[in-house]
Each structure stands twice: as structure tokens, then as C-alpha cells.
Amino acid sequence: MIVLEKRPQPAQAWVIGGPVLAVLLTMIAGGAMFAALGKDPVEAIRIIFWDPLFSEQFAGYSRPQLLVKAGPLILIAIGLSLGFRAGIWNIGAEGQYIVGALCGAAFGLAFWPSTHPLIFPGMLVAGLTGGVLWAMIPALLRVYARTNEILVSLLLVYVAEAMLASAATGWLRNPEGSGFPGSRNLARHAGTDNPELIAGTGMHLGVVAAFVAVIAAHVIMTRHILGYQIRLAGQAPRAAGFGGVNAGRLVILCMGVSGALAGAAGLFEVAGPAGRISIDFNVGYGFTAIIVAFLGRLNPIGILLAGLLMALTFIGGELAQLMLGIPAPAIQAFQGMLLFFLLALDVMANYRIRRKRGALA
Amino acid sequence: MTALLEIEGLCKAYPGVVANDDIFFSIAPGEIHALLGENGAGKSTLVKMIYGLVKPDRGTMRLRGAAYAPGAPRAARAAGVAMVFQHFSLFEALSVAENIALGMEDPPKSRDLAQRITTVSQTYGLPLDPHRLVGDLSAGERQRVEIIRCLLQDPKLLIMDEPTSVLTPQEVEILFHTLRKLAAEGTAILYISHKLEEIRTLCDAATILRLGRKVGACTPREVTAAHMAELMVGKSLSQPARPDHDPGAVLLEVRALSATPANPFGTALRDIAFLVREGEVLGIGGVAGNGQDELLAALSGETRVAPDAIMFKQQGIGALGPNARRALGLLCAPEERLGHAAAPEMSLTENALLTGRLRQGLDRHGFVDWARTRAFANRIISRFDVRTPGPWVAARALSGGNLQKFVIGREILQEPMVLVVNQPTWGVDASAAAAIRQALLDLAQGGAAVIVISQDLDELLEISDRFCALSEGRLSAPRPARGLSMEEIGLMLGGAHDMHEAVA
């Protein structure tokens, strides 16, 4: 019988080497799948992992997309990871992202067509506040009414989507849009726009915010007492209570931070790459960020890398569909393989495989 | 008489440690045989091999002359070997009969089973109502459920792992009565313990283990407890010592403290009152589950109570949280080492920060000074002889005794004015236990007040100035510990449940 035995300490070699090996295994298994589909496996792998960044033909378009897509994923995932570490499960970042975008856009549109320099900061504050308020609903319900924050935060996503639809077709609709749903374009109006900071890189303020969040989260988790309390509450709740951690305050804080970052991501998106409030404004960043957070092992640096890798496979996958006619389900299977190998090898960091003989004699 | 169970050359190694090395002994039918040794001596591994939970690397076992190699507990039970574990595996929300039925291969109808439970319990003087919920039973009664579960299988060999650690003196008497009756009927009993006086009272023979090897055998009635202790530990133990002293000012006073437990199977505290003075050790005895955890939580600040229910130097602190109480000088060490007193996955350095932050100044504006924290952890490790490769090791990697030394040491090094410890030496080997007791006495000697909550009455009588008993959430009036007899303590503990029935 083969058993998994917990290691006394996580194995450093597997922590670092595991993800690299996982990418290689994905290339082999995915290549085999592409070959079975009658496509050239080497070319397919190259298109997915290499061409989005370095192809002369496509990189001009797809390279900026990497940061555009990775930015919100990382920003949201960083916020989620703090709560996840503490055992606080905010599954509704998608909703907080929508509400943040709605509040930020509403602030900007309220002063339309002003181009006052304080408009954008005001939009940012409104976006943050919207995300925080939306996250406070599950947080306060958990602390004061002992509800389950997983369910409440998830269900509030659908409420937020309904609000988004009503905004796009009603109260935020572009009065000059000849009746089509969707708001005015914030990105094409000085004062409300979140522009690309360096042309051709995709770098906008939201991406900068994501990098700042990575650094701040890293410092908090390794150096600050708050990070220690977060880890303590997640690993040993009774010990945390004994150590003087106020569990309710920690819930409110973690939910608030993740809501704020998700709301900010929504605001940066609506004022930048998306440009306006529309019915299909949210594309699932809030949910994908959960995967990114776990893929990065809830570690800020890991989340940075996981967010970039995730964005790369999205862009590369689209490119492969376009160039080789690889069907979309095959691309999703390929992305699934990557997750599978990463998580399977992650087990090796904390466990070792032992062969046990005759245990079932 | 031919032996019931013969064991020869049994060996079992785990990665990095030899748990059992060439163990041999034999038990005759009707014999009560003690297996004696410190924690980590290999007693548990040995009985797990006999019960089929662990497969030996080498060696043979013979049961009634036939080769015996159980592959699983089911095979052991079929061969007539039953075991009562130290930690019970019972469902609190189910009745006694339902719990027993769950453990049976082929349970009879519930009415028949209830009848059989009643019969067995009366035959062996173990009063137990088959229809009561296990959640409502005391630890002693829960143990009876486990014993009766075994007796229903009509075992030839009954293994008991530290059965008296959760019992009051009167309950111990009842248990011994039952065991003697079983032995008289021809059932062999393998009795694991490190309580020497008990073994001298009860057992016919003893096998003594140390570090996985058999280091001796004796007839317990014919040797002294000190002799067995030396065999067990491998050196003579020094008794904790302290000179007499005059009590100082009152440091902590608890008045009319009542609290309802957070968990439905917890014990409510009712009208608890006591006080401790400078330089004094107050012992609080009682069987676990009678409000010890709840009392510690109320004193540590994990449970908030009325401000005036707990007075620290004339200041009402009942409504303060754990850190505010630490800042004043009231420190605690809970019973549960892994998960409560320490975070299992965190390193010793991180665990040093858990309670040491305020009094040791381990952070600046919220930023942790890891170098200082590591130095503090190293001080605990060296001062309290914690056996570990270094402070980076995770708490769960330490043995129970070593982690307990770390937890107690962490609080003592913070120079508390009042220290509350719950079960300070539970599961700790004899030499480490002696070191912990001495450290507590030294602390009191230096002027602090120490409250020791423990089930080990010998320990409490050894180190306390005054003794009181906690039973069903009520605290008896404290009495001077010196000269207190076991009988008087038994009465303070409120006596055993259904004692009269059992004696009759």
C-alpha cells in the first residue's frame, strides 16, 4: 500500500521545483493531447507559452494584454489570500468587483462632463468604498448573526449582477447612446480615464496597484503582527483566542481589505480596459482570482507569478484557437491540466510518499 | 499454568526511532500484569502490536499456545483480545447502547443489547444506564461504556491504557474491584500505567520498559515504588523541595464567578470563589471535564465575565481580554498544548510570540522583531531543557513533554505575578514533570502566586499550599494541603457517581 506521510517541515526543493515540473508535465501531457487532435504539439505549446510575448506578428497586441489581464487577477487574489489564510472565505469577490466598478463609475458620471483633477481620485475612493460595503454584508452577518460567509458572499454576486444589469440599461445608461445598454465611455474622457501609463505595455494604475499590493501583503504577512494573527487564526483558532486575537475584528478586517481591493480592481477596469459599464462588464476575474490565490499558495509572490501564468494561458489559449483551430474545450482541458499538475505536485511539498507493505494483511 | 499470551523478541522501528527492541514477557490467565514505563518508552507501540493496530518488524506472539499475528483489531477481538483506550471513541450525541452497538460486528436488537449491558454492568459492579446520552456522562462513566463494550465480547485478555488518569479516587476503587473480579474469573489483564502505587495495589507482575527495551520485571507488591521508579527512569528522582514561608498580600481574588460554556457539552461554572496570595501555590483538583477548561478560559480572558468577578490586586479585570490581563501580569498555560497553548504548524519562535509579545517587547509599532523573538525562544529552550534541533522547528514536531516544557517555560520566563496552569504535567514523563513542578515552586518562591489545576492528586499534594476541588463546575472551600488524606480529598471531589450502588 502506498501512503502519504506528512513531512516535519515543508520540503524547499518541492516548493520551488514543483511548479516548474508542473509546467513541464503540462507541456508533455497537453502536447500529447494536441497531437491526438492532429495538431503539431511543439507548435501549439510554442503558441501558448511563447508567442503571446515574443512573436513578431502578435506580441504587439498580446503582450500588453498580459498585464491587463493579470493586474485585476493579482489585485483581487492578494486581498482574498489574507482572508483565506485566516480561514475567512470570501467567495464573492466578483460581486465586490462589480459594486466597486458601479460606485466608481457612478461618481465619475455624476460630475460629467467635468474634467476636474479630483474626479478620478474621487472615483477611486467610491470604488474602494463600494467594494468594502458589499463585503461588509457577509462579514457583519458572520460576526453578529453567525451566518456562513461563503454562502452570503457568493449569493451577493448574483445580486450585484442584477444591479449591474439595471445600471447598464437604466440609471447609468448613456443618454446619448440611442437607447443601447451601457454607460458613457469613461476611458475616452479626460478626468475619468485610467490610461495606459507606458504605451505598449498594458501598464495602467490598476497594475501598479496590484504590484504595490503584492509588496504590502508580503511585508504584512512576514513582518507585521497582523500577518501573524491572520496565520494564527487560520491554523489554530483556539490558540489565536488565547493569544488575544479578536476573531470578529479579524473577519471584518480581512473581508474589508479583500472587498476594497476587489472594488478597486473593478474601478480600474471600468475606467481603463473595459471603458464603460455594460451588462457583460464582469468576465469572472473575481472567481478566477480564487484559483490564482490558491495556485500561488496564498503567498503574495506566488500569487504574482500565478496571476501572470494564468493570464498567459488565457491569452495563449485564445491565440492557439485562432492560429491552429484548436477547439476551445481542448484549451480549457489544457488549462485544467496545468492546475491539476500544480496542485498534485504541491502535495509533495508537505507530504512524502512511502510504500507500506502488508499493512492490510 | 500455561501462559495465555507469550511474547518473544518483538521489534518495531519507526523512521528515526526504535519503538520496541526485543521485548519479551508472558501473561497467565487471571493475571493482572502491569506494563510500566515513561512516555515514549514504547508501551503504546507494544500494546498496539498485541491489538493488531501495528505490525511488528520481527518477533513472535503466541496466544494459548497457538501462533498469534493479528492483522487488524478485528482479528485480535476475534481471538479474545480487547482494549480500552486512554482516549475514548464515543459519540456524545448518542446513547450508551447506541455507542456500544456501533462498535460491534453484529449488534443484537437494541432491547436485547440494553438488557445485556445492564446484566454485565451489574455483574461487574459498573453501574451504567444504557439509555443515557454519552454527552451527559462523567469521564468515569464514559470509561465504563468502553469497558462494557469490551466485556460484551467476553475477552480472554483485556488491555487497559492508563485507565485511572481520568478517575476520582473512589472511581478508581470501583474499577479495581471490577478488574479483580474479572481476573478471578480467569481474564488476564494487561494494565498500562505510570502510577506506581496503583500498580503495587493491583498488579501481580510488572514488565518495565525504558526507551523501547525491557529493563526489568518485578512483583510489584514485593518491591518499593522508588525501586520501580528508578528502573523506569533509569536514575533516582529528586523530590521538588521548598522551604516554608509566610503568605503575602492577596494578588488574585475570584468572587461569585459564574459562566455558561460556549460549547454545548461544556460545564457551567457556578459561583466560584477563591483567592491566592504572593508566594502561594493553590492546587485545584478534580477530574477533567468538571469545569477546568472553562475556569482557565475565564481566568485567561478568553471568556469574559463580570468585571468584579475577578479582582487582580483590587482591580476588577473580568471584562478584560487576554492581552490586557497579560500586561497586568496574569499569565496562563492551557491544558491542550497543540492547538490552544501553541499553534501546531508554527515554529517555536512564532509560538514564543503568541503570548510573549507584550511583556517581552517583541514588536515595534506592530512590526515583529523576529531576532528578539528568536532570542526569547532560545532562552526558553535552554533554560527549560526543551529537546529540539532549534527554534525553527514546528511545535507539532516536539514530543508532548518537550512542548509542555516550552509552554510552561514561555510563561514563567515572562515573570508573571499570577500564573495559572492547567494539567501542567499531563502526559509528561517523570523527569520532565519533576522539572516543571520545581519551576512552578521556584516561581512561587520568588513571590508570584501560582494556581495549578490538575487531575494528578499526588502532584497537587506535593506542591500546593492549599488545595480545593472542582466538581461539576463548583469549587470546594480551599484547605491546607499538608496532612490532607486521599479520603478527605475524595469527599471534596464530591465522591464518585453512583458509588453506593457499586459498593453494594
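Note on naming: letters A, B, ... go to the chains in the order of the sequence lines (proteins, then strands), and numbering restarts at 1 for each one.
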Is it true that, when you exclude [X] itself, more than 12 heavy atoms of the residues, nucleotides or ligands shown sit nearer than 6.0 Å to its [atom1]?
X: A/F340; atom1: CZ; value: no
X: B/E345; atom1: CD; value: yes
X: B/K48; atom1: NZ; value: no

Contact leader toward chain A among [options], where contacts are heavy-atom pairs under 4.5 Å:
options: B/P344, B/A75, B/P334, B/A341; result: B/P334
options: B/T355, B/N323, B/L353; result: B/L353
options: B/A343, B/G366, B/P322; result: B/G366

Let me know if [X] has heavy atoms under 4.5 Å from chain A in its side chain, its backbone, both or neither.
X: B/A342; answer: backbone
X: B/E336; answer: side chain
X: B/R326; answer: side chain

Residues of residues 216-226 of chain A with any heavy atom under 4.5 Å of a heavy atom in chain B: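 A/V219, A/T222, A/R223, A/H224, A/I225, listed by number.
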Within residues 128-139 of chain A, which residues come under 4.5 Å of chain B, heavy atom to heavy atom?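 Interface residues of residues 128-139 of chain A: none, nothing closer than 4.5 Å to chain B.
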Could you give the side-chain donor-acceptor pairs of residues 232-246 of chain A under 3.5 Å, partners two or more places apart or in another chain?
unit_1 : atom_1 : unit_2 : atom_2 : d
A/R238 : NH2    : B/H340 : ND1    : 3.0
A/N246 : OD1    : A/G248 : N      : 3.2
A/N246 : OD1    : A/R249 : N      : 3.2

Go through the structure and list residues passing salt bridge (charged side-chain N to carboxylate O under 4.0 Å, His left out) with B/E294, not counting sequence neighbours.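 Salt bridge (charged side-chain N to carboxylate O under 4.0 Å, His left out) check on B/E294 returns nothing, list empty.
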